[in-house]
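Everything on this sheet refers to the single structure shown next.
In this text, all values refer to a predicted model and were calculated from it rather than measured experimentally.
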Amino acid sequence: MSLESPSGATRYRLTGRARIEARLLPLLRLLLAVPWAVATVVMLRSLSAWAGRWATISVIVVWCLISSYALLVALIRPDELTIRRLAMKFPDIAPYPPERVEPSFQLWAASWAVMEAAGRLGGVAGEGMPDVERVARGEDWLRMVLRTRHPRAAGMAHPRRLVSVTISAVNELPPLELRAVIAHEFGHQLIAGWTSWTVRMLEYLCTAPVATVFGAPARELITVLPYRRSTPRSYLRSPDIVVTILLLIIYTVSFFALVGALLPTIGLHRAEALAIVCLLQPFPKMWVNWREEFLADQVAVDLGYGLALHDHLKTAGRKYGEHFTATHPGAFVRRTVISHRAWPWPSPT
């Protein structure tokens, strides 16, 4: 990754190996979704043989409508700036909550600083604090939105360059750590751009019904196993051996249930092979998620927020534990990688 200046203004972009990896990860994610997509098609064929063609078509149409509605809501959902502009224009119809005014301004200021460091202000120099109307014209490359408290994540990336940050993070994090969180989410927006979100939507559309039902035990195992007794009880108590054994039993039952659902259409041996591939899929998918997190961390490091992100992860590790999840590597591992990449620490812009 590097800072390049194609038009006289410093503009951050992915380069070299990081650029190649960022383009390949969404395609790998789509490839990993193929087994569940095949299992979905096989089950639809079984449903067609059992309940008839029109019942199967009805199920497909209903699912597509539900998915399209969810996607439409995600695309047109107003952000914090839109809500505030409407409140300013129609104060009697859409009043803006007073307790959100100051956090919103702090969030825009932090986003403005990060985008200025990345050269993503549309060629307009960011002088001092951001102006609401300048942000409204799209001069800030990211669209920011406040959201309520999340049990773990301070920020989250969404389609259409939208980034959400919790109100508690804006109120509690030091300014540099807040910028580091935004820089990390900006990194997610750079990973394959719209391609990544399109792939995620296709993955959801083609695999969600079957993968949600039969793949849940594998995801729960990934979530539960890394917890330790040191995990603060205020967040989640670590499971004992009984819970782990129960999950393994459910995992086995899920395998035989999936084989039974596939059996009428493709036969025993093919059903067993497909079920094994499907139920192991969450593990390589977890690796893809981790690689995306490491890439996003590197963007924050390149923009000069490595030390701030390191401190934020250290605080989060003490608060929530150092364990990994299906979507994020452990906080200790991320801090180690950040230290290796960023030392000596650069000064933030």
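- Each of Phe332 and Leu313 belongs to its own hydrophobic cluster when Ile, Leu, Val, Met, Phe, Trp and Tyr are linked at side-chain heavy-atom distances under 4.5 angstrom.
- Distance CZ/Arg179 to CE/Met115: 11.5 Å, rounded to 0.5 Å.
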*Verify side chain to side chain contact (heavy atoms under 4.5 Å, CB included) between Leu295 and Trp290, making sure each step is shown before the conclusion.*
CA-CA 9 Å; Leu295 277 178; Trp290 287 12; over 6 Å; no
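- Using a 4.5 Å heavy-atom threshold, the side chains of Arg334 and His310 count as separate.
- With sequence neighbours left out, Ala180 forms a side chain to side chain contact (heavy atoms under 4.5 Å, CB included) with Tyr305, Ala308, Leu309.
- Residues Ile182 and Trp112 have side chains not in contact (no heavy-atom distance under 4.5 Å, counting atoms from C-beta outward).
- Gln281 contributes atom CD, which lies 10.0 Å from atom CG of Leu31 (distance to the nearest 0.5 angstrom).
- His312 meets the ring-ring contact (aromatic ring centres under 6.0 Å, His included) test with no other residue; sequence neighbours excluded.
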Kindly list each side-chain donor-acceptor pair under 3.5 angstrom involving residues 49-56, sequence neighbours excluded, with atom names and distances?
from: Thr56; atom 1: OG1; to: Ser48; atom 2: N; distance (Å): 3.1
from: Thr56; atom 1: OG1; to: Gly52; atom 2: O; distance (Å): 3.1

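- Residues Leu44 and Val42 fall into different hydrophobic clusters, defined by Ile, Leu, Val, Met, Phe, Trp and Tyr side chains chained together at heavy-atom separations under 4.5 Å.
- The CG atom of Leu280 lies 11.5 Å from the CG atom of Leu32; values are rounded to the nearest 0.5 Å.
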*Step by step, would you call Glu293 with His188 a side chain to side chain contact (heavy atoms under 4.5 Å, CB included)?*
CA-CA 8 Å; Glu293 290 299 319; His188 281 295; 3.1 Å; yes
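- Inter-residue side-chain proximity for Gln298 and His184 is flagged as unmet; no heavy-atom pair is nearer than 4.5 Å.
- For Thr327, the side chain to side chain donor-acceptor pair (under 3.5 Å) test picks out Thr325, with sequence neighbours left out.
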Show me the donor-acceptor pairs within less than 3.5 Å that the side chains of residues 258-272 make with the rest of the protein, sequence neighbours left out.
from: Thr265; atom 1: OG1; to: Ser46; atom 2: OG; distance (Å): 2.5

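- Considering every non-hydrogen atom in both Pro35 and Cys278, the closest pair reads O-SG, 3.4 Å.
- The shortest non-hydrogen separation linking Leu303 to Ala117 is CD2-O, 4.0 Å.
- Take Val61 and apply the side chain to side chain contact (heavy atoms under 4.5 Å, CB included) test, not counting sequence neighbours, and it matches Ile57, Leu65.
- Between atom CG of residue Leu24 and atom CZ of residue Arg19 there is a gap of 11.5 Å, rounded to the nearest 0.5 Å.
- Of all non-hydrogen atoms in Ala169 and Val165, the two that sit nearest each other are CB-CG1, 4.0 Å.
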*For the pair Ile20 and Arg17, evaluate side chain to side chain contact (heavy atoms under 4.5 Å, CB included) and give the outcome as yes or no after the intermediate values.*
CA-CA 5 Å; Ile20 296 174; Arg17 178 182 174 183; 5.7 Å; no
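- A single hydrophobic cluster is seen to contain both Val34 and Met43, as judged by linkage of ILVMFWY side chains at heavy-atom distances under 4.5 Å, directly or through other members.
- Residues passing the salt bridge (charged side-chain N to carboxylate O under 4.0 Å, His left out) test with Glu21 are Arg291, sequence neighbours excluded.
- Taking every heavy atom of both residues into account, Leu162 and Gln189 meet most closely at O-NE2, 3.0 Å.
- With sequence neighbours excluded, the residues satisfying ring-ring contact (aromatic ring centres under 6.0 Å, His included) with Trp63 are Tyr204.
- From Ile338, atom CD1 reaches atom CG of Leu307 across 10.0 Å, with rounding to the nearest 0.5 Å.
- Two residues are said to be in side-chain contact when any heavy atoms from C-beta on lie closer than 4.5 Å; Thr166 and Asn171 fail this criterion.
- Under the 4.5 Å side-chain contact rule for hydrophobic residues, Leu274 and Ile276 share a cluster.
- For Thr40 (side chain) and Trp36 (main-chain N/O), a donor-acceptor pair under 3.5 Å exists by modelled atom type.
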Contacts table for residues 247-256: side-chain donor-acceptor under 3.5 angstrom, sequence neighbours left out:
from: Tyr251; atom 1: OH; to: Leu279; atom 2: O; distance (Å): 2.8
from: Thr252; atom 1: OG1; to: Leu248; atom 2: O; distance (Å): 3.0
from: Ser254; atom 1: OG; to: Phe214; atom 2: O; distance (Å): 2.6

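- Between the side chains of His328 and Asn289, no donor N or O sits under 3.5 Å from an acceptor N or O.
- Val277 is not connected to Leu30 by any chain of hydrophobic side-chain contacts under 4.5 Å among Ile, Leu, Val, Met, Phe, Trp and Tyr, and they are in different clusters.
- Taking CG of Leu178 as the start and CD of Glu172 as the end, the distance is 11.5 Å to the nearest 0.5 Å.
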_One pair to check against side chain to side chain contact (heavy atoms under 4.5 Å, CB included): Phe186 and Val299. What are the steps and the verdict?_
CA-CA 8 Å; Phe186 168 66; Val299 172; 3.8 Å; yes
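- The two residues Pro103 and Leu146 make their nearest non-hydrogen contact at CB-CD1, 3.9 Å.
- Nearest heavy-atom pair across Gly155 and Glu185 is O-OE2, 3.2 Å.
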